[in-house]
There are 2 protein chains.
Amino acid sequence: MSRTTACTAQEGVGREVCTVLDVLGRVSGKWSLGVLSETLHGPVRFSALERSLAGISRRILTLTLRELEEDGLLVRTVHPTVPPRVEYAATDAARELYERLTGLADWARRHPEAAAAGRRPGGAGAR
Amino acid sequence: MSRTTACTAQEGVGREVCTVLDVLGRVSGKWSLGVLSETLHGPVRFSALERSLAGISRRILTLTLRELEEDGLLVRTVHPTVPPRVEYAATDAARELYERLTGLADWARRHPEAAAAGRRPGGAGAR
DNA sequence: CAGGATCCGCCACGATACTG
DNA sequence: CAGTATCGTGGCGGATCCTG
């Protein structure tokens, strides 16, 4: 895993875009945000995450956790018991990042026009 | 193109995560942010974008522009002259979104530990 | 000049099986 | 329980050629 890290392309545009791209890369995994939201308020066990994030595979969950840990967004704690017990908790940095990300939801609420755009008639509303 | 739109997975997690995911999907294209940053301050021609975003292919630039337009982030203006002249400009919604996104850069500055994490010794700085 | 049409490679994600 | 190992796949991005 471990995204390309550091603006692999886009040398033409401003440095700020590059930084934003880098940050987005850290949470761009399909399940990264879900994992973060589940670990915001205290340690959560691997199996608990697997249950909350219905549909995720063990492999992807592991990779996602490793990436977030490597990025300093999660702390991994191993309790040397048997059976093993491993817990994951979001860091302060992760919580701040998460807050800013949810700010994007505010944007969506303030811009229904944009939010409604691009909806496929077949699969939008329900589900 | 046109991302899956509307949380295709992640029914388990909160609705807010879903909304954020949707918003991120709108700018997740490899060049979407670059295009936005170039069009923030007034109309820009297709060829101008192609020059600014060094390395982008015509096809991808077109697709990116179409997607952003469909999402209400860009306005496309065709001047019926010959040769044709097409200009793209960010909408107000896009500018607000862009501002919130650059807020993520602030986060990176406030968290050097996280920002520095995951750097591959071989391929970071230079290039 | 601003694209559309085609073909292709890569990589994130996924399914499944095995293990300390 | 909490992972690793292996294999397979869809879809985004890119290269290249053609056109109103």
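Keep in mind it's a predicted model, so treat the numbers as computed, not measured. Throughout, a chain's letter reflects where its sequence line sits, starting with A, and its residues are numbered from 1.
- Between A:E50 atom CD and C:dG14 atom P there is a gap of 13 Å when expressed in whole angstrom units.
- Between the P atom of D:dA2 and the CG atom of A:L49 lies a distance of 9 Å, rounded to the nearest Å.
- Residue B:V86 places its side chain closer to C:dA2 than to any other of D:dG14, D:dA2, C:dA2.
- Contact annotation: B:R45 side-chain N/O to C:dA2 OP1/OP2 distance is under 4.0 Å.
- Ranking C:dG3, D:dG14, D:dT4 by closeness to the B:R76 side chain, first place goes to C:dG3.
- Closest to the side chain of B:F46, out of D:dA2, C:dG3, C:dC13, is C:dG3.
- Listed pair A:R51 / D:dA2 fails the phosphate criterion, with no side-chain N or O lying under 4.0 Å from OP1 or OP2.
- Shortest non-hydrogen contact noted between B:V27 and B:L97 is CG1-CD2, 4.1 Å.
- If you measure from atom CG of A:L74 to atom P of D:dA2, you get 15 Å, rounded to the nearest angstrom.
- Nucleotide C:dG3 holds its C1' atom 7 Å from the CZ atom of B:R66, rounded to whole Å.
- Of the candidate nucleotides D:dT4, D:dC1, C:dG3, D:dT4 has the atom nearest to the side chain of A:R58.
- Interatomic distance, CG of B:L63 versus OG of B:S57, reported as 8.0 Å (0.5 Å rounding).
- Among the nucleotides D:dG14, D:dT4, C:dG3, the one closest to the side chain of B:K30 is D:dG14.
- If you check every strand for non-hydrogen atoms under 4.0 Å, A:S47 touches sugar and phosphate atoms only.
- Here the side chain of B:Y88 is nearest to one of D:dG3, C:dG3, D:dA2, namely C:dG3.
- Atom CG in A:L61 sits about 14 Å away from atom P in D:dC1, given to the nearest Å.
- Between C:dA2, D:dG3, C:dT6, one nucleotide has an atom nearer to the side chain of B:R59 than all others, and that is C:dT6.
- Other residues, nucleotides and ligands place more than 12 heavy atoms under 6.0 Å from the NE2 atom of A:H79.
- Set against C:dC1, C:dG14, D:dG3, the side chain of A:W31 has C:dG14 as its closest nucleotide.
- The CG atom of B:L21 sits 11 Å away from the P atom of C:dC13 (whole-angstrom rounding).
- As a whole-Å value, the separation of A:E87 CD from D:dA2 P is 9 Å.
- Here the side chain of A:P84 is nearest to one of C:dG20, C:dC1, D:dG3, namely C:dG20.
- Atoms CD1 (B:I60) and P (C:dC8) sit 17 Å apart, rounded to a whole Å.
- By the 6.0 Å contact criterion, CZ on A:R110 is open, its count of non-hydrogen atoms from other residues, nucleotides or ligands being 12 or less.
- Within the 4.5 Å cutoff, no side-chain heavy atoms of A:L68 are placed close to those of A:T39.
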